[in-house]
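What follows is a short report on a single structure.
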Amino acid sequence: MPRALVIGSPIGHSRSPVIHEAGYRAAGLTDWSYDRAEVTADEVPEFLAGLDSDVRGLSVTMPCKEAALAAAATATPLARGVGASNTLVRTDDGWHADNTDVAGVVGALRGAGCEGTQHAVVLGSGATARAVIAALAELGVSDVTFVVRTTARPETLALADKLGIDAQVVRQDADEVPALVGRCLLVVSTLPQGGADVVADRLVDAPSLRIGPAAGPYVLDVVYADWPTRLAQVMQERGATVVNGLDMLVHQAAAQFELFTATPAPIADMLQAASDAVK
């Protein structure tokens, strides 16, 4: 009986089982199952070594993504470039690391109609931001401003440079942040729940600032619980097209689904199940 798991810590809130199991049902893969396991980064190597052969794939969430890459026998150039793996696939040679977070960002933004923008603002510079940078490069973005609390992660800046993206860094308490975020045609928050509230509140304190033009901007917030986030609400009130982190979650899960099962992912069914679960 083939199965897959999602690992991380904490893991009880994960919607991955709901999404993948909905995919199994819709695709007629009645013998497949999907579970969750509480695993910390330090426990990843031992956990992988103890898995039975019926486990065909692992979805990896925080804080295990970098540890999963380090523990894998092989990895895609994408996963190595991002420096993190959210997907492990069993092969004859051991675990193979991939990163479908990139596909998740691309799928979510393209699905909302966002493509062709050359400049973007990214809130945060951690592992999720690196996946976002790889996705933005695929979408044709050539210039990114990172808005960070103190300093940007050097490995994230190095990835941007490797991908041919011109990167600038601005502290979130800088005077230009409200205008920078408010007027950019593409803003992506890679911060955890509540992490972008400071930026959102600064936008509220700039009441004369209004977003335009009609063709944009787009805002992707990777958070999907307790929606809308403060940032999503403020930007939507100013005319932005807001993309829920749930769309990114489902698109990255769909890519995992296909890697695990070698079956086309029924994305519509997976998205509906995720939406129902969040509600």
Side-chain angles (χ1 to χ4, degrees), residues 13 15 101 104-126 128-129 131-133 135-136 139-141 143-150 152 167-252 268 271-272 274-279:
H13 68 285
R15 304 295 182 186
D101 282 334
V105 175
V106 171
L109 289 174
R110 278 184 174 155
C114 178
E115 196 163 11
T117 300
Q118 293 186 337
H119 176 66
V121 169
V122 175
L123 308 185
S125 65
T128 302
V132 166
I133 286 298
L136 295 182
L139 290 169
V141 172
D143 182 27
V144 170
T145 300
F146 291 96
V147 176
V148 298
R149 187 172 56 181
T150 53
Q168 300 84 41
V169 179
V170 176
R171 287 174 54 111
Q172 68 180 22
D173 57 359
D175 292 341
E176 65 265 35
V177 166
L180 177 68
V181 175
R183 293 177 182 150
C184 186
L185 291 180
L186 176 56
V187 178
V188 182
S189 174
T190 68
L191 301 174
Q193 182 72 47
D197 287 0
V198 171
V199 174
D201 289 341
R202 295 197 63 197
L203 287 169
V204 172
D205 291 337
S208 62
L209 183 62
R210 290 294 180 268
I211 289 173
Y218 291 87
V219 178
L220 168 62
D221 194 326
V222 301
V223 173
Y224 61 86
D226 299 323
W227 192 262
T229 62
R230 177 70 170 150
L231 178 67
Q233 182 179 13
V234 169
M235 294 294 277
Q236 192 167 38
E237 288 173 353
R238 281 160 170 72
T241 298
V242 175
V243 183
N244 192 326
L246 196 65
D247 290 339
M248 172 186 167
L249 180 68
V250 171
H251 277 89
Q252 66 83 25
L271 183 57
Q272 185 61 56
S275 299
D276 292 343
V278 169
K279 289 177 183 177

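Here the CG-CG distance, from Asp221 to Asp247, works out to 12.0 Å after rounding to the nearest 0.5 Å.
Side chain of Arg202 to backbone of Gln172: a donor-acceptor contact under 3.5 angstrom is found. Between the Arg238 side chain and the Leu203 main chain, a donor and an acceptor come within less than 3.5 Å of each other. With Thr190 contributing its side chain and Leu123 its backbone, the two residues share a donor-acceptor pair below 3.5 Å.
Asp175 CG: 12 or fewer foreign heavy atoms inside a 6.0 Å radius. For Glu115, the CD atom sits in a packed shell: over 12 heavy atoms of surrounding residues, nucleotides or ligands are nearer than 6.0 Å. Within a 6.0 Å radius of CZ in Arg110, more than 12 heavy atoms belonging to other residues, nucleotides or ligands are found.
Counting heavy atoms from C-beta outward, Asp143 and Gln118 have side chains that stay 4.5 Å or more apart. Contact annotation: the side chain of Val278 never approaches that of Trp227 to less than 4.5 Å [non-hydrogen atoms, C-beta and beyond]. Residues His119 and Thr145 form a side-chain contact, since some pair of their non-hydrogen atoms from C-beta on lies under 4.5 Å apart. Using a 4.5 Å heavy-atom cutoff, the side chains of Arg183 and Leu180 are not in contact.
Of all non-hydrogen atoms in Asp101 and Met248, the two that sit nearest each other are O-CE, 4.1 Å. Between Ser189 and Leu231, the shortest heavy-atom distance links the atoms CB-CD2, 3.8 Å. Closest heavy-atom contact between Gly124 and Val148: C-CG1, 4.3 Å. When all heavy atoms are compared, the tightest approach of Ala112 to Tyr218 is O-CE2, 3.3 Å. In this structure, Pro192 and Val223 approach most closely via the heavy-atom pair C-CG2, 3.8 Å.
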Apply side-chain contact (heavy atoms from CB on, under 4.5 Å) to Val250 and Arg15, showing your working. CA-CA 9 Å; Val250 171; Arg15 304 295 182 186; over 6 Å; no
side-chain contact (heavy atoms from CB on, under 4.5 Å) between Leu109 and Leu136, intermediate numbers included: CA-CA 9 Å; Leu109 289 174; Leu136 295 182; 4.2 Å; yes
